[in-house]
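Worksheet for the structure shown next.
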Amino acid sequence: MLHLLDQTPEQLDAWLAERQVPKYRARQVRRWLFGDTVDGFDRMTDLSKPLRSQLAEEFSLWTTEVAAHRKSADGTEKLLLQLADGQRVECVLLRDDKEHHTVCLSTQVGCAMGCAFCASGLDGVVRNLTTGEIVEQMLRLKRLLPSGERLSHIVVMGMGEPLANLDRLLPALEVAGQPDGLGISARRITISTVGLPKGIRRLADVDCQYHLAVSLHAPNDELRNRLVPANRKTGIAAVLEAADYYFEKTGRRVMFEYVLLAGVNDQPEHARELVALLHGRPALVNLIPYNPVAGLPFHTPKSAATARFAEVLEHGGLSVAIRYRKGDRIDAACGQLRRVAANSVSPSSEK
Ligand code: SF4
């Protein structure tokens with residue numbers, strides 16, 4: 001059976017046309033999907049009964065089940081979704097206020113990048129998610145909002161390396177941007193990458209307006225090779241060249257993510273090295289004090305160390321933001337909930 005959310009608008013139009021169904025029916029289907037996010041074809045009450053049955057015979061509407069749902073006091077909600085093949089991925093809803101609702105999406109089951117401090121990379125990558133599975137995360141999270149509230153931003157920062165699955169991610173983001181999809185403009189969408197130069201250049205050439213966030217995490221190759229093993233193949237210089245290309249092509253200022261790990265990469269000398277590395281670039285550095293992961297030997301830096309690091313960057317002329325992780329109490333770092341669930345005795349946990 002096909003996943004309805006995997007179909008492009010053109011494919012759905014063609015399917016309807018083959019059955020002599022007028023084109024406006026596609027708009028109605030999309031409204032039920034993205035406006036009301038109904039849970040079955042039988043709820044699409046302005047479609048004829050025969051059309052609803054035909055749709056139900058050929059398409060699945062939802063392919064995931066919610067295996068776990070955690071809520072944090074700050075309003076953050078995290079879903080662990082079980083996919084049709086039994087694999088699991090996570091997605092998160094972050095609430096800033098009534099108008100700002102950000103979803104954080106996964107693009108792969110697991111991750112091949114193996115960052116030393118990350119739960120998602122601990123077991124490697126299993127497979128890419130489909131376009132429909134990426135869109136379904138958005139809709140599952142949208143359903144958590146009260147009626148009348150809508151999703152406003154997307155960050156692709158969950159499990160997986162987004163640029164390793166661009167072929168499925170780009171159509172999913174296109175759906176998110178369409179007025180009869182979720183209506184989230186490209187300028188409110190951020191794609192976060194470990195820094196795959198080819199992928200960054202390809203994204204730049206797509207002629208989109210997405211924000212790009214490059215996870216740097218270290219100011220030199222020696223340290224980055226240890227923290228972000230994918231760096232061994234590329235080196236920081238190639239990552240920065242690709243980031244410069246992205247800025248030239250899109251005019252979007254690139255963000256550099258830097259997870260602060262106590263005693264590892266959070267010292268003033270690292271900050272000074274980072275200033276020298278990014279000198280002359282219109283960059284924004286996002287400092288993220290580490291969110292501990294059980295079983296990994298890294299710790300959250302003291303707030304004084306974080307402040308001192310930020311101060312050195314600012315004195316060096318860089319724009320800096322400190323981003324505290326939301327939802328710490330619900331295993332909100334990427335991959336944590338999946339691992340906690342996999343290691344628990346839940347009946348459907350992975351083999
Ligand atoms: S931090 Fe991102 S790129 Fe690195 S292992 Fe985790 S999910 Fe993959």
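Both ligands and their constituent atoms are indexed starting at 1 by order of listing. Counting from 1, the numbers follow the sequence of the chain as shown.
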If we only count heavy atoms from C-beta on, is the Gln54 to Arg19 side-chain gap below 4.5 Å? yes

For Gly114, take its heavy atoms, then give the atoms of ligand 1 lying under 4.0 Å from any of them. 5 (S)

Quick one: is the NZ or CZ of Arg201 closer than 6.0 Å to the six-membered ring centre of Tyr245, and within 45° of its axis? yes

Relative to the heavy atoms of Gly160, which atoms of ligand 1 are at a distance of less than 4.0 Å? 7 (S)

Tell me whether Cys118 has at least one N, O or S atom under 2.8 Å from atom 8 (Fe) of ligand 1. no

When you measure from the centre of the six-membered ring of Trp32, is the NZ or CZ of Arg30 under 6.0 Å away and within 45° of the axis? no

If a pair satisfies side-chain hydrogen bond (donor to acceptor under 3.5 Å, both in side chains) and one of its residues is in residues 162-176, list it, with sequence neighbours excluded. Asn165-Arg168, Asp167-Arg202

Enumerate the atoms of ligand 1 whose separation from the nearest heavy atom of Met113 is less than 4.0 angstrom. 3 (S), 8 (Fe)

Would you say Glu136's side chain and Thr64's backbone share a donor-acceptor pair under 3.5 angstrom? yes

Does any N, O or S atom in Cys115 come within less than 2.8 Å of atom 4 (Fe) of ligand 1? yes

